[in-house]
Amino acid sequence: MSQPSEVQFIPYRQHGEPQRKAAIVQVDFPVDALSDEDVQVLGHLVEAADAMNPIFREQYEPKTSTIRRLVHALLAVAEGDNRQKLADYAAMIDLQNSPYALLPRKNCLLDIPMDELQTLAENAGGTAMLDLSDVGVLLTHPMPTPDLANFYPRDFSEEEFNSLGEAANMVNSIVIRDETGLAVVARNEDWYEDKIRPAVDHLKIARDLTSCPSFKLYLDAKIMELETGLEEARRLADYTWIKHTCDVDIVISTALEVYLDNFKNARGAASGGVYVVNREAEALLKALVDHVQAWEANAPWTHRRETIDPATLPKLKFVDVLTWAGDYVTGPFTTIAQSLPNDDWVIQNVGTVNMVYVNTGRAVHKVAGSLASEEFLTKAEFETVKELLFDGGQLHSALHEIGHTTGKMDPEHSKGQARDYLEDEYSWLEESRAELFGMWSSQLLVDDGVITADEQKACYDNMLISMITSLKFDPVQAHNKARNGMFHRFLDQGIIMKVEEDGKTKFAWDFDKAHDAVAAMLKEVGDLKASGNKAGVIALREAIVFTDDLKPEVEKRTSDFPLGRGLIFPRFKKDGDTYLKELEYADSFGEQVKFGL
């Protein structure tokens, strides 16, 4: 175990892509304010969250564990360049939590010829030769990231999906074939029962240790959810999670976000995250939540929530992360903020919790800092916002997550959820709506004196940089499609302007016109979502989402920037069965406990 260190860089390659590098950085976590009870509860919550990682890997690519076993066996006998290549590849398998990336949707390649791998496997002995014959193609040949992941059989069809009836959209399930070859739905909590049991055992211990009554109730409900998977149990767990008032927290589920399901956006992936509330942002939190009713009442879309029960207003939390597992570990992304739960019925009737991740955000900022902003913003604009960029990004993230909780379906579509109607078009449209809401609502905060005009500029400039850097990829992933489409709409309208400066193309907002343009696009995407208009969403995507001619230039100008971040989280040291108020770090990214499970 080691102490916090500086950033490390891991080179990697995908077919048809430039050589890239990922950054590995340790995450700071404050412990001074924690009580001994907090430490014991958090210790067991971390163990529970880690148990979600093998479930996630099974959902993504079942052969990931075999690949990992093979690569570590080959590492033990490799020398020289091959040993370094294997070590780098092993780090990328863990950073992606699979052989695949979601941006771009390709596998990571090991630059060692197959004959040399066979020689290494022979020397390694054990299962190495058998493993190589099973997974060698994923190491050495270009393969697309499968849209179906492992949620569906690889030969699954649209017709079979439709034949599943209501079970087709059960978020916490897997589709398998029975002994006759018929596609059937199995609930995750039954299918992964053996893998879930360790998580439940640690949650039960944490439940007995906590003295916070509302958190105890939440853990009771979460245990019931993980043991049954029933919709009623999931909603009770969501309800008690929203209502609990403890600073210590865990998000854990076999099916949380649906981004891994690129076929229908119907099935969620396993996740585990352990958090402690960061109290430094209390004033800003209160100001944002106090504005939600006004934002909803004045939103530019057609179908507003006319009356809002104060009890259903979103709770906003700035939190420090003690660990992430499962879907939180999916290269090259790092989760900046999150709005949970995702069940529309819960959102409309109970509310949500919108979390902004503080210490992980700072770790990521440490890796890339303001590199892209300095590269693509004008000098004058960069000088104006450079000290505000991190806080501006955190603010926009909070507003983005609140945006996910706003609006409603129109009367003709009120019995379903938007993703039921929009299917594979849902995620990118919803991410567009949230990004636009974050920008639109920031202007209202300026009008009310909550933030300054320069702080709002930092919000907009963060979004501008996200849009520009998204252009280096073909638009296939939800967030990437959203930012790509926004860029093209605003560039076409002249709201984003190109400026030549020092021989480079720079970009700037026309701030005098930006707010109205953002509001108009927010209305458009909000109304498309509310009406469940899949044909309209497809038409919008075909008009504004496309591979940009700027792709080579953006790639060239960002080629030295790290793509992908591996976060090393601390754990509490142990004395027997007791956790100590002292942190330790794994010596490398892959040596974190979750990857060895």
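We use all heavy atoms of the structure for the numbers below, so side chains are in, but hydrogens, waters and symmetry mates are not.
No hydrogens or angles considered: a donor-acceptor pair under 3.5 Å links the side chains of Y328 and Q338. Using modelled atom types and a 3.5 Å distance limit, the side chains of D344 and Q348 yield no donor-acceptor pair. Side chains of S339 and T405: a donor-acceptor N/O pair is absent below 3.5 angstrom, by distance only. N480 and W428 share no donor-acceptor pair across their side chains, judged by distance under 3.5 Å alone. In summary, the side chains of Q96 and T330 do not present any donor paired with an acceptor at a separation below 3.5 Å, with no hydrogens or angles considered. A donor-acceptor contact closer than 3.5 angstrom is absent between the side chains of Y426 and D420. A donor-acceptor pair shorter than 3.5 Å can be found between the side chains of Q477 and H479. For D38 and S35, the side-chain atoms include at least one donor-acceptor pair closer than 3.5 Å.
With hydrogens and angles disregarded, no donor-acceptor distance shorter than 3.5 Å links the side chain of D320 to the backbone of N278. Looking at D575, its side chain never comes within 3.5 Å of a backbone N or O of T578 through a donor-acceptor pair. The main-chain N or O of F595 is found under 3.5 Å from a side-chain atom of R68 such that the two form a donor-acceptor pair. A donor-acceptor pair under 3.5 Å is formed between the side chain of K581 and the backbone N or O of D32. Between the side chain of T352 and the backbone N or O of N354, no donor-acceptor pair lies under 3.5 Å. With hydrogens and angles disregarded, no donor-acceptor distance shorter than 3.5 Å links the side chain of T210 to the backbone of A206. Without hydrogens or angle criteria, D448 side chain to V450 main chain gives no donor-acceptor distance under 3.5 Å.
Using a 4.5 Å cut-off on side-chain heavy atoms (C-beta onward), L322 and P570 make contact. Proximity of I568 to Q592: side-chain heavy atoms (C-beta onward) are separated by under 4.5 Å at one or more points. No side-chain heavy atom of I347 sits less than 4.5 Å from a side-chain heavy atom of H404. Two residues are said to be in side-chain contact when any heavy atoms from C-beta on lie closer than 4.5 Å; P562 and I10 fail this criterion. No side-chain heavy atom of D249 sits less than 4.5 Å from a side-chain heavy atom of L45. Put simply, the side chain of F333 reaches to within 4.5 Å of the side chain of L102, judged on heavy atoms. Inter-residue side-chain proximity for D343 and D238 is flagged as met; some heavy-atom pair is nearer than 4.5 Å. In this structure the side chain of Y60 reaches within 4.5 angstrom of the side chain of Y100, judged on heavy atoms.
Applying the side-chain hydrogen bond (donor to acceptor under 3.5 Å, both in side chains) test between N172 and each of E189, E231, R267 identifies E189 as the sole match.
Applying the side-chain contact (heavy atoms from CB on, under 4.5 Å) criterion to E387, with sequence neighbours excluded, gives no partner residue. Partners of S397 according to the side-chain contact (heavy atoms from CB on, under 4.5 Å) rule, which considers only residues two or more places apart in sequence or in another chain, are I336, A337. A270 pairs by the side-chain contact (heavy atoms from CB on, under 4.5 Å) definition with M52, I55, F56, Q59, not counting sequence neighbours.
Summarising the geometry of V248 relative to F215, their closest heavy-atom pair is O-CE1, 3.6 Å, with the distance given to 0.1 Å. The two residues E584 and F572 come nearest to each other via the heavy atoms OE2-O, 4.3 Å. When every heavy atom of A23 is checked against every heavy atom of V7, the shortest pair comes out as CB-CG1, 3.9 Å. The shortest non-hydrogen separation linking S214 to T245 is OG-N, 3.0 Å. Closest approach of P198 to A51, counting heavy atoms only: CB-CB, 4.5 Å. Minimum heavy-atom separation, G326 to N97: O-ND2, 3.3 Å.
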Please walk me through it: do Y12 and Y89 pass ring pair (Phe, Tyr, Trp, His ring centres under 6.0 Å)?
CA-CA 7 Å; Y12 69 96; Y89 185 81; over 10 Å; no
Should L399 and L288 be marked as a side chain to side chain contact (heavy atoms under 4.5 Å, CB included) after you check the CA-CA gap, both sets of side-chain angles, and the distance that decides it?
CA-CA 8 Å; L399 297 172; L288 297 187; 3.9 Å; yes
Please determine whether salt bridge (Lys or Arg N to Asp or Glu O under 4.0 Å) holds for the pair R279 and D247, giving the CA-CA distance in whole Å, both sets of side-chain angles, and the decisive distance to 0.1 Å.
CA-CA 9 Å; R279 290 295 180 189; D247 280 0; 2.3 Å; yes
Pair V46, R571 - check side chain to side chain contact (heavy atoms under 4.5 Å, CB included), show working.
CA-CA 8 Å; V46 167; R571 293 171 76 87; 3.4 Å; yes
Salt bridge (Lys or Arg N to Asp or Glu O under 4.0 Å) between R362 and D28: does it pass, once the steps are laid out?
CA-CA 9 Å; R362 291 194 185 280; D28 295 328; over 6 Å; no
Side chain to side chain contact (heavy atoms under 4.5 Å, CB included) assessment of F437 paired with H400
CA-CA 6 Å; F437 182 90; H400 169 114; over 6 Å; no
Determine, stepwise, if the pair Y357 / Y275 fulfils ring pair (Phe, Tyr, Trp, His ring centres under 6.0 Å).
CA-CA 9 Å; Y357 303 118; Y275 312 106; 5.2 Å; yes
Pair Y579, D36 - check side-chain hydrogen bond (donor to acceptor under 3.5 Å, both in side chains), show working.
CA-CA 9 Å; Y579 297 97; D36 182 64; over 6 Å; no
K594/T323 under side chain to side chain contact (heavy atoms under 4.5 Å, CB included): CA gap, chis, key distance, verdict:
CA-CA 10 Å; K594 57 180 166 258; T323 197; 3.9 Å; yes
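Put simply, CD on E47 and CD1 on I205 are 9.0 Å apart, with the number rounded to the nearest 0.5 Å. Considering OG1 of T360 and CZ of R565, their distance stands at 11.5 Å, rounded to 0.5 Å. Here the CD-CG distance, from Q417 to L422, works out to 11.5 Å after rounding to the nearest 0.5 Å. Between the CD atom in E401 and the CG atom in L340 there is a gap of 8.0 Å [rounded to 0.5 Å]. Note that the CG atom of L444 and the CD atom of Q456 stand 9.5 Å from one another [nearest 0.5 Å]. Separating the CD atom in E58 from the NZ atom in K195 is a distance of 5.0 Å, to the nearest 0.5 Å.
Note on R57 versus D94: salt bridge recorded, some NZ/NE/NH1/NH2 to OD/OE distance being below 4.0 Å. Salt bridge D220/K204: absent, no basic N to carboxylate O contact under 4.0 Å. A salt bridge links K222 and E225; the closest N-O separation between the charged side-chain nitrogens and carboxylate oxygens is under 4.0 Å.
Below 30°, between 30° and 60°, or above 60°: for F569 and W324 the angle between ring planes is above 60°, a perpendicular geometry. Using the six-membered ring where Trp is involved, H244 and Y218 have ring planes that are parallel, under 30° apart on the 30 and 60° scheme.
In this structure, F561 places its CZ atom where more than 12 heavy-atom neighbours from other residues, nucleotides or ligands lie under 6.0 Å away.
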